[in-house]
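What follows is a set of notes on a single structure, which appears directly below.
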Amino acid sequence: MLRRSAALARSARPPARLSQQQASSTPAAAAAARPFSTQTSKNHETWRGDNDDDALPKVKRRDGSVEVIGNVRGFVDYERNPEPYRAPMERVTDWEEINSEGHDPVERIVQAARCMDCGTPFCQTHTGCPVNNLIPEFNALVYQDQWRNALDRLHQTNNFPEFTGRVCPAPCEGACVAGLIDSPVTIKNMEYAIVERGFAEGWIQARIPETRTGLSVAVIGSGPAGLACADVLNQQGHKVTVYEREDRPGGLLMYGIPNMKLDKGKVERRVNLLEEEGIEFVCNAEIGVNVNVETIRNANDALVLCTGATIPRDLPVPGRDAKGIHFAMEFLTKNQKRLMMTRDGTLESEWGEHITAEGKDVIVIGGGDTGTDCIGTSMRHRCKSIVNFELMGRPPDARADSNPWPEWPKVYGVDYGHGEVQAVFGQDPREYGVITTEFLVDDDNNVKGLRTSDAKLGPSGVEIVPDSEREWPCDLVLLAMGFVSPEHDISSQLSLALDPRENIRATYGEYATSMDGVFAAGDCRRGQSLVVWAINEGRGAALKCDAYLQNLQKATAK
């Protein structure tokens, strides 16, 4: 178990910085670098000439020469330099965003200059960005110091770059052509920098439609798919009402993704803009439970379901009903609600019991973003120890032959939560190739440990390694093994057809369900996926819904 040392907690230092040479000592190592790497690095060295009127700094290139920033040779001249997170020992003491203040303007231009005029920019194709961001274009505009034009390009394809710039794992960087022989362009950092400058400069303002069609749409769910769908439909002039079962809009953006990855003020900032543009949000409305779905359907000309995939994958082994075993989203949501109540000046005791990891031995079962978020949240609760079980083996340090570019690189990486555990406890929290076979329970039905075996992939799937049993003490278990399907209160009441995975059946690109005028998008249609894919589907469903409404309007006018 990884236990917090009092001395470490008082005086541990952030991990030593890697030199640029260490960070990319070979093309293979550089190409294997994860796009979300948490390494810290220094800016490129800059000089200015004796002429005070010369505003163009000169930057040291890889070959040692010092020249004005140029993008002719792009990544050949300049090394990848991702914007670092705040130091782990600093950020674990608060709930603020892990992002640092970022690079200075010169370094941002250097990083933009690394993007070259690729013959085929795979970063924005189906292998890269799901919303097909115009990445080479906005990088070129940043290089030319045309930030407002870069923002316009970014908003052409992405409704909410302030979300994806923070939480997206950046498949665009995995498909970057530079990644073939070097490390990819810092696309995610650039997206974040562009949109935040847009807000800071006041360029992002409410866009109120000039005309209205007189048609109305109900969007069920206010996560990224629902918000994107509502935004597009509203801009087409339709009256849009978004229904959310929680007390605040935002779905997983508000209550699923922790504050340190996505500050909730940023979510509220966008929701307020959408409200100003004419979208109505109705909260505490769980359609199919406390609000009749037929009433909503009959009151609108179309219905779009963006309810997400919210049924978590369980672990039905002996002892599962013990106290102290929780699904990850229950843990994360209750923690975020507690933070929101405290921020708003409401006493925590008035909200009710929350799940705390303070002083506990915590085991997180399942990797991925959700598992990492459970780790980061537990660290901020001051857990006593933390271990993360992953069923599969440790990923390779570089791409395997079966995982060629431009696929997402399935390689070993250290995300923010893992880096925090390393800084405080001295080692990575992950245990690979582990399968839980039993929860150990005390006389009061509290979990007191786990029994596991080693696991490996065999011809028939995951196999247990004989004679590999181990026991692990713990008093809090968080299940972060993904989600299996959406809940079916709405789909069953509307008698909607489902696919073999229990998702709402609606063909990708069409989004129409088995009921006329009802569409589905996001995780409730495609299964658990990324925020950027939810935005993609919300946008696509909105266009198909708009076409349906236009045809409806034409038929009514005849």
Side-chain angles (χ1 to χ4, degrees), residues 1-20 22-23 33-43 80-103 165-170 186 188-189 192 257-263 328 331-332 335-336 339 356-364 367-388 390 394-395 397 411-432 476 478 480:
M1 300 288 286
L2 307 182
R3 296 194 176 275
R4 179 186 297 267
S5 160
L8 264 176
R10 286 194 301 269
S11 60
R13 298 176 181 176
R17 292 174 179 243
L18 296 177
S19 69
Q20 297 291 343
Q22 289 172 322
R34 288 299 288 266
F36 54 68
S37 169
T38 59
Q39 92 175 42
T40 57
S41 50
K42 296 179 180 179
N43 292 346
R80 173 184 168 92
N81 184 13
E83 296 190 6
Y85 293 152
R86 293 190 292 137
M89 294 302 293
E90 170 194 337
R91 65 183 192 247
V92 295
T93 63
D94 59 46
W95 294 97
E96 302 302 316
E97 282 193 352
I98 57 179
N99 297 313
S100 67
E101 294 182 357
H103 289 318
R166 286 172 166 85
V167 306
C168 184
T186 55
K188 179 178 175 179
N189 289 166
Y192 170 87
I257 299 172
N259 205 73
M260 53 273 196
K261 282 176 65 176
L262 176 59
D263 181 79
F331 174 66
L332 296 173
N335 179 74
Q336 191 58 52
L339 292 176
T356 180
E358 183 178 2
K360 294 182 179 179
D361 293 319
V362 181
I363 291 182
V364 178
D369 289 340
T370 304
T372 303
D373 292 342
C374 287
I375 293 170
T377 300
S378 298
M379 292 296 293
R380 284 157 181 77
H381 283 182
R382 303 294 187 270
C383 61
K384 183 167 64 174
S385 71
I386 191 159
V387 175
N388 182 203
E390 297 208 18
R394 184 187 186 279
D397 291 325
V411 297
Y412 176 79
V414 177
D415 210 340
Y416 80 100
H418 312 138
E420 291 167 0
V421 176
Q422 285 180 332
V424 174
F425 294 117
Q427 66 184 89
D428 195 304
R430 288 169 288 185
E431 293 283 340
Y432 292 99
L476 177 62
L478 302 173

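In this chain, residues are counted from 1 in sequence order. Side chains are part of it too, since the values below use all heavy atoms of this structure and drop only hydrogens, waters and symmetry mates.
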At their closest point, which heavy atom of Lys360 faces which heavy atom of Leu476, and how far apart are they? CD-CB, 4.1 Å
About how many Å separate CD1 of Ile257 and CG of Asp263, when rounded to the nearest 0.5 Å? 12.5 Å
Output yes when a side-chain donor or acceptor of Asn189 lies under 3.5 Å from a complementary backbone atom of Pro82, and no otherwise. no
Any chance you could measure Asp361, atom CG, to Ile363, atom CD1, to the nearest 0.5 Å? 8.0 Å
For Ser100 and Pro84, the nearest pair of non-hydrogen atoms, with its separation, is OG-O, 2.7 Å
Look at atom CD of Glu90 and say whether more than 12 heavy atoms of other residues, nucleotides or ligands are closer to it than 6.0 Å. yes
Shortest non-hydrogen contact between His381 and Thr356, atoms and distance: ND1-CA, 3.7 Å
Taking the side chain from Asp428 and the backbone from Arg430, do they hold a donor-acceptor pair closer than 3.5 Å? yes
Run the salt bridge (Lys or Arg N to Asp or Glu O under 4.0 Å) test on Asp94 and Arg86 for me, step by step, so that the C-alpha distance in whole Å, both residues' side-chain angles and the decisive distance to 0.1 Å come before the verdict. CA-CA 11 Å; Asp94 59 46; Arg86 293 190 292 137; 2.8 Å; yes
So which atom in Phe425 and which in Lys384 form the shortest heavy-atom distance, rounded to 0.1 Å? CE2-O, 3.6 Å
Within the side chain of His103, is there an N or O that forms a donor-acceptor pair under 3.5 Å with the backbone of Asn81? yes
As a quick check of understanding, evaluate side chain to side chain contact (heavy atoms under 4.5 Å, CB included) for Arg380 and Glu420, giving each step before the final call. CA-CA 10 Å; Arg380 284 157 181 77; Glu420 291 167 0; 2.8 Å; yes
Measure the shortest side-chain to side-chain distance between His418 and Val421 over non-hydrogen atoms and say whether it is less than 4.5 angstrom. no
If I take atom NZ from residue Lys188 and atom CD from residue Glu83, how far apart are they, to the nearest 0.5 angstrom? 11.0 Å
Do any side-chain atoms of residues 367-377 form donor-acceptor pairs under 3.5 angstrom with protein atoms, and if so which ones, sequence neighbours left out?
unit_1, atom_1, unit_2, atom_2, d
Thr372, OG1, Gly368, O, 3.0
Asp373, OD1, Lys261, NZ, 3.3
Asp373, OD1, Tyr416, OH, 2.8
Thr377, OG1, Asp373, O, 2.9

Between Leu478 and Ser378, does a side chain to side chain contact (heavy atoms under 4.5 Å, CB included) hold up when you go through it step by step? CA-CA 10 Å; Leu478 302 173; Ser378 298; 4.0 Å; yes
Test Tyr85 against Met260 for side chain to side chain contact (heavy atoms under 4.5 Å, CB included), laying out the working first. CA-CA 11 Å; Tyr85 293 152; Met260 53 273 196; over 6 Å; no
Identify the two heavy atoms, one from Met89 and one from Val424, that lie closest to each other, and give their separation to 0.1 Å. SD-CG2, 3.6 Å
Residue pair Trp95 / Asn259: nearest heavy atoms and the distance that separates them: O-ND2, 2.7 Å
For Val364 and Glu390, run side chain to side chain contact (heavy atoms under 4.5 Å, CB included): C-alpha distance rounded to whole Å, both residues' side-chain angles, the deciding distance at 0.1 Å, then the answer. CA-CA 9 Å; Val364 178; Glu390 297 208 18; over 6 Å; no
